[in-house]
Each structure stands twice: as C-alpha cells, then as structure tokens.
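Down below is the structure, laid out as structure tokens.
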Amino acid sequence: MDISAAPPIPWRRALRAAVRAFWAGSTWRSLMHLVTGAVVGLFGGTAIFALVLLGVGGFVTVVLPIVAAGTLLVVSAGLTVVQRSRHTAFLGATWPEGPFAQPVTFAPRALLALVRSPRTWRQLSYHLIAGCYGLLAASIAIAAWTMGPAMIFAPLLGRDTGLELRHWILCGMGIVLTIAAPWITQGLAALDGLLARVLLGTSRTEALELRVSDLAASRTSTVDAADAERRRIERDLHDGAQQRLTSLAMNLGIARATLDDLPEGGARAIAEAHEEAKQVLTDLRDLVRGLHPAVLEDRGLDAALSAVAARSPIPVRLRVDMDRRVARDVEAVAYFVVSEALTNVARHSEAEHAAVEVDLEDGELRLRIADDGRGGADSKGGTGLQGLSDRVRSVDGSFRVTSPLGGPTVIEVELPCAS
C-alpha cells in the first residue's frame, strides 16, 4: 500500500490550511486593506460629518448650505475614487467603466439633481459607515495579530508567583486567536468589500443604463463605419467602373456609327453590345444613386426626395416641411424609406397617385407615404416592407403600415432627431 497516496488526516489538513493562511498573500493584502481603510474611512467620515453639520447649522444664510452641499459632493466623489482604487488594489475588485460620480457644479438645479440621485446617497452612506467600520475592523484585526501571540506567553508571567489555571487558559485562547487571525482578517476585509460593491457599485438599473449606453455607442460606431464603407464603394463605382463603362459605351457607339461595311451579324452584335452597355451603365447609375445620392449629401432631404418623386412612374405629390437638416443617418433612412416605398407602389399597388409628406417637429422627423392602390400590403408578402421596418428600427424609429384590401395604403414613420 502506498502511504503517500492515502488521504491526509483531517487535523493535518486543517493544520496545513492554518499554516498556509499565515503566508497567503490574500491575508496580508486584507490586513493592508483594513489598515488603509481605517485611515481613509476616518478622514472621509469625519469630513462628511463636519460638512453635513456645517450645512445644517448654516441655515441662517442661503449661500453657506449651498457651498457646503457642493463641497460635500466633491469630497464624496473624491473619496469614492480613493475607496474604489483601494478595493481594486488589495481585493481585486472591478468597477464599471465611466465616471465614478456625476459631474459636480454649484448650480442649484445641478445640486438638486445630485441630491435626488440614489447613487449620491449610496456613496455618502458608505463613506459614513467606513468611518466607523474601518476603524473597528482594523482594531479587531490588529488585536488578533498582536494580542494572540502575547497571550501565548501568559505562563511565563506565573514563573515567579506560580502557574495557575488562568495562565493556561490565556495561553490556549492566545493559540486559538493567533490561528484564527488570518481568517478574521480576511473575513473583515470581505465584509468591507461586500459593502463597497453594494454602495459604491452600480445598481441593476444603472448597470442596464450603462449597457444601453454602450450598445448605443457601439451601434453609432457601426453605422458610421458602414456609412464610410458605403461612401468608399460609391466613390469606387463612380470613379472606376462607371467611367470605364461610359468609355466602353462610347467606343461601341462610335464603332456602330462608323463601321458600316461589317456583315449583318457583326453589325447586329455591335448594336446589341452597345445597347447592353448603355443598360448596364443605367443600372449602375441607379445603384450608385440608391446607395446615397450626391444631392442628399449636398442639398438635403427635400431636394433628394424631389428627385425621387420626379423619377417615379406614377404622379407623386410631395410636401416637405423642415426648418433644418437632421443627422446624416436619419436623412439616409428617410430617403431609403421613401424611395423604396414609391418603388413598391409602382410595382405592386396598381395605384394611380401617391403622396409623400415629411414634417420635422418636436424633435421627430415624421414621414407619411400614401397611395390609392389596391391595398393588402403585407410585410411577409415580399413587398420589402420588413426591410423598411428594419431600417427604421436601426435608428430607434417607429414604422406602421395601414393597408386594407381595396386601399388605400398608408405608411407612417417616426424618426427621432437630436436637436
């Protein structure tokens, strides 16, 4: 039988754990955490308590409470930074990215907003608690590390007067306290870390708000990257393929007009190639125009939609009421929705007339596209309405379709616009 493979005796396992706890880095980091917490907590708690008394006691004047409140918020924000860095350094705590505290100004409205914020009161609560708990926890930990070893040597005090039972009791208590000192230290530090996570961290609602902000920023960067890539493709098509196709169409046209001695088959092939080149060039121009027309970039949504209405095979009544331009991504979505909707009207609705209304009011760009066709439009019916809805939702807009059988069909879109 292999003795080395046998499981250790329980008391040996406990002894090894106790010895390892004395030299573990977490034990000494916890002790440093408690000692520094006593210093920072005592200073911060005293400063906050003094500022609170100053603000309450200065009710005779109006300026003093406001100054005290502003100073209190500044001190609280600074203490939050220090306490978070202390918990990160000694306990490895992690905190959400972003400002540790809200920007502090002495404007009454800003101070009132901070006073109403739950985060402000949680931070102040921690700093006040840390002023008492930090000193108490550090005192208990230091006492465990100093009084425990001192009590072990209690029998030495009875050498001259005679050993008594109390000396051995003190010795046993000292041994127990010394062995427990690392666990006491780590437990007190863990309790402080729990308080910090609850009071200095973010609540579930705030964490969700941060997540939403991150997603919004990520979406904005994605939209900007896609817009830059679209512009590159448009530029390459315009300056490269479109120019070469134009040259090809011109050469084929010249050959068609000048080479009159070709056989009938050759002349017909050149003519067909010339017509095909012109059609491809037209399709390419439509593609470039659909990506992002230059008139939209240069002159805005009104001029771009006027060009769309003019190209429509059915009469379109257009009304645009905008006193300013909106964001580029909103303009692009509005242009795409109107252009695609009118294309669908021409292909599927059998309408004789269409109307487009665009209004900018109350921070929203509202679109209304209506036709007098046969109705029955369905986003699942292959008419491209689902793609329009997805494009609108990409900028947090709303999309509604009303299309009873027999018509009319009305598409209503609302796009939020920052002022």
So CG of Asp321 and CZ of Arg319: to nearest 0.5 Å the spacing works out to 6.0 Å
Quick test of your reading of the model: are Asp359 and Arg368 salt-bridged, counting only N-O distances below 4.0 Å? no
So which atom in Val345 and which in Ala351 form the shortest heavy-atom distance, rounded to 0.1 Å? CG1-CB, 4.0 Å
Flag, side chain of Arg29 to backbone of Gly92, donor-acceptor distance under 3.5 Å: no
Closer than 3.5 angstrom, by distance alone: can the side chain of Tyr133 be matched with the main-chain N or O of Leu188 as a donor-acceptor pair? yes
State whether the side chain of Asp302 and the backbone N or O of Val320 hold a donor-acceptor pair below 3.5 Å, judged by distance alone. no
With sequence neighbours excluded, what pairs up with Ser339 under the side chain to side chain donor-acceptor pair (under 3.5 Å) test? none
Give me the atom names and distance for the closest heavy-atom approach of Gly376 to Leu405. CA-CD2, 3.8 Å
With distance as the sole test, does His353 use its side chain to make a donor-acceptor pair with the main-chain N or O of Asp372 at under 3.5 Å? no
Scan Leu79, Ile48, Thr80, Leu199 and name whichever one has a side-chain contact (heavy atoms from CB on, under 4.5 Å) with Gln123. Thr80
Give a yes or no on whether the backbone of Asp371 and the side-chain of Thr409 come within a donor-acceptor separation of less than 3.5 Å. no
Answer whether the closest heavy-atom distance between the side chains of Arg317 and Glu357 falls below 4.5 Å. yes
What distance separates His87 NE2 from Thr94 OG1, expressed to the nearest 0.5 Å? 12.5 Å
Approximate separation, where rounding is to 0.5 Å, of Leu165 CG and Ile169 CD1: 4.0 Å
Is the shortest heavy-atom distance from the side chain of Cys417 to the side chain of Arg324 under 4.5 Å? yes
Check whether Arg197 reaches the backbone of Ala93 with its side chain - one donor and one acceptor, N or O, closer than 3.5 Å. no
Leu318 versus Val338: any side-chain heavy-atom pair under 4.5 Å? no
If only atom types and distance count, is the side chain of Trp95 paired as donor or acceptor with the main-chain N or O of Arg84 below 3.5 Å? yes
What do the steps show when you test Leu170 against Ile152 for side chain to side chain contact (heavy atoms under 4.5 Å, CB included), and what is the final call? CA-CA 7 Å; Leu170 288 174; Ile152 294 176; over 6 Å; no
Is a salt bridge present between Glu340 and Arg391, judged by a nitrogen-to-oxygen distance below 4.0 Å? no
Taking the side chain as everything from C-beta on, heavy atoms only, tell me whether Ile184 gets closer than 4.5 Å to Ile140. yes
Heavy-atom pair with the smallest gap, counting every atom of Ala141 and Leu34: CB-CD1, 3.7 Å
Does either side chain, that of Arg86 or that of His33, offer a donor lying less than 3.5 Å from an acceptor on the other one? yes
Is Met322 atom CE crowded by more than 12 heavy atoms from other residues, nucleotides or ligands, each under 6.0 Å away? yes
As an exercise, state the distance from CD of Glu414 to CZ of Phe399, rounded to the nearest 0.5 Å. 12.5 Å
Shortest non-hydrogen contact between Pro416 and Val395, atoms and distance: CG-O, 3.4 Å
From Ser76 atom OG to Tyr126 atom OH, the distance as rounded to the nearest 0.5 Å: 12.0 Å
Could you check Met173 against Leu177 for side chain to side chain contact (heavy atoms under 4.5 Å, CB included), going step by step and ending with a plain yes or no? CA-CA 6 Å; Met173 293 175 60; Leu177 186 59; 6.0 Å; no
The criterion is side chain to side chain donor-acceptor pair (under 3.5 Å); which residues satisfy it with Arg366, sequence neighbours excluded? Glu361, Glu364
What verdict does the side chain to side chain contact (heavy atoms under 4.5 Å, CB included) test give for Leu388 and Val401, after you've listed the backbone C-alpha separation in whole Å, the side-chain angles of each residue and the deciding distance to 0.1 Å? CA-CA 11 Å; Leu388 295 181; Val401 178; over 6 Å; no
Could you work out, with salt bridge (charged side-chain N to carboxylate O under 4.0 Å, His left out) as the rule, every residue matching Arg325, not counting sequence neighbours? Glu331
Between Leu342 and Ile369, does a side chain to side chain contact (heavy atoms under 4.5 Å, CB included) hold up when you go through it step by step? CA-CA 8 Å; Leu342 291 180; Ile369 304 102; 4.3 Å; yes
Between Val75 and Ala47 the two heavy atoms that sit nearest each other are CG1-CB, 4.4 Å
Grab the two heavy atoms, one from Thr178 and one from Pro149, that are nearest each other, plus how far apart they are. OG1-N, 3.2 Å
Once rounded to the nearest 0.5 Å, what's the spacing between atom OG of Ser398 and atom CG of Leu415? 7.5 Å
Is a donor from one side chain sitting under 3.5 angstrom from an acceptor on the other, for Trp145 and Thr185? yes
